[in-house]
**Q** 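First the structure, which I've put down as structure tokens, then a few questions once you've had a look.
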Protein chains: 4
Amino acid sequence: MTSSPSGRPLRADAVRNRAKVLAAAEEVFAVRGTSASTEEVARKAGVGIGTVFRHFPTKESLLEAVLVALLERLAAEAEGLRTADDAGAAFFGFFRRVVAQAAAKQAVTEALAEAGVEMSADARAATGRAGPDLRAALGALLERAQEAGAVRADVGPAEVMALLAGMSYAAARAGAHEDVLRFAFDGLRPRP
Amino acid sequence: MTSSPSGRPLRADAVRNRAKVLAAAEEVFAVRGTSASTEEVARKAGVGIGTVFRHFPTKESLLEAVLVALLERLAAEAEGLRTADDAGAAFFGFFRRVVAQAAAKQAVTEALAEAGVEMSADARAATGRAGPDLRAALGALLERAQEAGAVRADVGPAEVMALLAGMSYAAARAGAHEDVLRFAFDGLRPRP
Amino acid sequence: MTSSPSGRPLRADAVRNRAKVLAAAEEVFAVRGTSASTEEVARKAGVGIGTVFRHFPTKESLLEAVLVALLERLAAEAEGLRTADDAGAAFFGFFRRVVAQAAAKQAVTEALAEAGVEMSADARAATGRAGPDLRAALGALLERAQEAGAVRADVGPAEVMALLAGMSYAAARAGAHEDVLRFAFDGLRPRP
Amino acid sequence: MTSSPSGRPLRADAVRNRAKVLAAAEEVFAVRGTSASTEEVARKAGVGIGTVFRHFPTKESLLEAVLVALLERLAAEAEGLRTADDAGAAFFGFFRRVVAQAAAKQAVTEALAEAGVEMSADARAATGRAGPDLRAALGALLERAQEAGAVRADVGPAEVMALLAGMSYAAARAGAHEDVLRFAFDGLRPRP
DNA sequence: TATGAATGAGGTTTCATTCAT
DNA sequence: AATGAATGAAACCTCATTCAT
């Protein structure tokens, strides 16, 4: 899972440092935006600037890694809800939690957008399996919720992803909260 | 309205230059993102870099001016719909057109987010009257649509602004279109 | 002659600064080798680092400009000797002076090598007309010296350029002087 | 002869590694120039970067070792020709072969220049016995060639070394070959 | 007023060297 | 002894901003 570009497994301390750098990057980019300097990431991680570049040879690759990590976390969370008792609650709850995270971490929104339906070839390459994984897991939640009658039948996973990205953006930037989600959710429910 | 930083009215050619710079900035930032260089804006406008900084003393002030211009345009459009015959069509049509614009110009999304409900003091100072103007005009459209029974009564202008920003973002980044708006609009309609 | 990339003539002060930078670069690279830093050149020239990069957008382009300047100077010198009375003295004297210069400035040798007979397409593009100009001027000197019987008839300009480059290198690095040129010159004279 | 920096004799595998590193350095520096990274040498040698620095504690010491190895090889070759039948052919043949090698490996030229007549104290310390050895062996070839009447009597070993370095440079950089050597050799032959 | 050359802080990236494993 | 991750100084280059022309 965590292996060097040469294919060999990383040394234990290298793994630790890689994780420290990634965590620091996530936080710094969330707070300061993606234009924050790599040097600040290094400082926050408590490592030398050279260490950051050993693990992520360009700033872009570091940004990508942050996105991938976020997507993987979300996909895992969705995956865990696949067998929940109440399919509707699982679906809407997941949606709600993603948006809440986005309100705290701007990067989440960008990650969602990148993972979105019609990705560019570049973005697809960048996020690797993480984007498709999330879409698949979300698709499964959606399907079960539809079967349970909690979500209308004429919605597709692509539309849900787009709504998710949009609501996350709104939460992060325009200060939207529960109030706004109410309407979005009503739009997804079967018309009475 | 168009006056130099020193407060004096601008000479005719200075007014023309200011407009040229603004138009160029709008295009350059739309295409290249806000990290495009001021120099590129000057080149596109066909003026010297010094001229750009004479009219907009910092890059940030130039970005703000672009936002304000966009907001003013949207507010004017909304204003023009205030007396439309079909209040529901006016409201949803305006929403749709804003999102369509956003799909083409990323800056629109950012402008909407900045104009959003609970703006920071900084942003408020930056966008001046443009944000409130848009919110007021949109509020009027909303109210009339609600009176006409086209939009549910428990929505406020703040929520609409947030939805607008979110859907614009989704359109610009995640490739969402009409398909997604369908659900958002259904969420805003009165429950049958 | 000295014009900006955009084709317009440079402002007077810009011309002065360009010359200062070029002179500084010549000296710094001569003393410290081509791996000397661009910052040192800026310091020596008494300008900011940004100024160096405004005139020469990459370090490579600065190195090229130094080479070109050297080649142009040599070509001009050779050109001036075209009508000298004693064609043999003109030829050998020029050769000698070039080697003496090379002993002081390492860059001269590199310039000669770049200007040499079978240049790569890259180098040709880099040195522009400067290399061919020098070869042409040197060729003229050679021809007249051959007609005057001072140089053997079976030497071509390409061989002379190669000898020139080689002797310059020897002078600069291995400390060769007049003693060594004696033999090289004897090799170029008609066999008695 | 091959001992670690600490003076102790090396283990057999350490000797092998030292040789691997040296061979890799020779090739890498020949192809990429002396600014190639130490890391690339390590990669080519198939060892870790730490191993390179264990054997050659600075990059400069590695470069020196490459030079010394080249000089030793040339000195050995010259040594082997000391008793050749045709002293003139031996001398000129050796000269020719050195130049041919230099055309392929830039480092040869630098090695020759370093080994040249009036070395700096630094360079002398660096190349150790290798420079003097080559000069001595070349001097012997020269002397015998002079006794045989193949080379003029007024040339000294210092001048020959300088010519050798210069012609090697010309061969490596300016693409000179046999054509140019003809004239250099004629310059060394007795005037008829 | 308009121009664009000059400035220099700051960003990304490389690499010789050190040191824990 | 060998490894390769960590280090950080220093390189190249960009760009918002200032200022002489």
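Naming: A, B, ... by sequence-line order, numbering from 1 per chain.
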**Q** Any side-chain N or O of C/Thr51 less than 4.0 Å from the OP1 or OP2 oxygen of E/dT7?
**A**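 Looking at the OP1 and OP2 atoms of E/dT7, one of them is under 4.0 Å from a side-chain N or O of C/Thr51.
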
**Q** Hey, are the side chains of D/Phe53 and D/Leu62 touching, using non-hydrogen atoms and a 4.5 Å cut-off?
**A**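 Side-chain contact under 4.5 Å: no.
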
**Q** For a quick test of reading the model, state the closest non-hydrogen atom pair linking C/His55 to C/Ala14 and the distance between them.
**A**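 Answer, listing the atom of C/His55 first, then C/Ala14: CE1-O, 3.5 Å.
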
**Q** Counting only side-chain N and O atoms of C/Asn17, is one of them less than 4.0 Å from OP1 or OP2 of E/dA6?
**A**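 Yes, such a contact exists.
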
**Q** Please determine if a side-chain N or O atom of B/His55 lies less than 4.0 Å away from the OP1 or OP2 oxygen of E/dT1.
**A**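 Result: no.
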
**Q** Quick check: do A/Arg18 and A/Phe56 have side-chain heavy atoms less than 4.5 Å from each other?
**A**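 The answer is yes, as the side chains (C-beta and beyond) meet within the 4.5 Å cut-off.
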
**Q** E/dA2 C1' sits how many Å from B/Phe56 CZ, rounded?
**A**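 Going from B/Phe56 (CZ) to E/dA2 (C1'), I get 15 Å.
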
**Q** Once each nucleotide of nucleotides 16-21 of chain F is scored for protein heavy atoms under 4.0 Å, what B/S/- sequence comes out, 5' to 3'?
**A** SBB---

**Q** What is the minimum heavy-atom distance between C/Phe29 and C/Val66, and which atoms define it?
**A**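 Result for this residue pair: CD1-CG2, 4.2 Å.
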
**Q** Could you check D/Lys20 against D/Asn17 for side-chain contact (heavy atoms from CB on, under 4.5 Å), going step by step and ending with a plain yes or no?
**A** CA-CA 5 Å; D/Lys20 276 199 295 186; D/Asn17 268 348; 3.2 Å; yes

**Q** Mind calculating the distance between CD (D/Glu64) and P (E/dA16) to the nearest angstrom?
**A**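 Distance check: D/Glu64 CD to E/dA16 P gives 15 Å.
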
**Q** Run the side chain to side chain donor-acceptor pair (under 3.5 Å) test against A/Lys59 and tell me which residues pass, sequence neighbours left out.
**A**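 So A/Lys59 forms no side chain to side chain donor-acceptor pair (under 3.5 Å) with any residue.
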
**Q** Roughly, in whole Å, what's the span from CZ in A/Arg43 to P in F/dT7?
**A**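 Atom-to-atom, A/Arg43 to F/dT7, this comes out as 14 Å.
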
**Q** Go through the structure and list residues passing salt bridge (Lys or Arg N to Asp or Glu O under 4.0 Å) with D/Arg16, not counting sequence neighbours.
**A**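 D/Arg16 satisfies salt bridge (Lys or Arg N to Asp or Glu O under 4.0 Å) with no other residue.
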
**Q** Rounded to the Å, how far apart are A/Arg54 CZ and F/dG4 P?
**A**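 Rounded to the whole Å, the gap is 9 Å.
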
**Q** Could you pull out all donor-acceptor pairs under 3.5 Å where a side-chain atom in residues 35-52 of chain A meets a protein atom, sequence neighbours excluded?
**A**
residue : atom : partner : partner atom : Å
A/Ser37 : OG   : A/Glu39 : N            : 3.4
A/Ser37 : OG   : A/Glu40 : N            : 3.1
A/Glu40 : OE2  : A/Arg32 : NH2          : 3.4

**Q** As a test of your reading of the structure, name each stem of DNA chain E as range with range, where a stem is three or more consecutive Watson-Crick or G-U pairs at under 3.5 Å.
**A**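 Stem list for DNA chain E: E:2-21 with F:2-21.
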
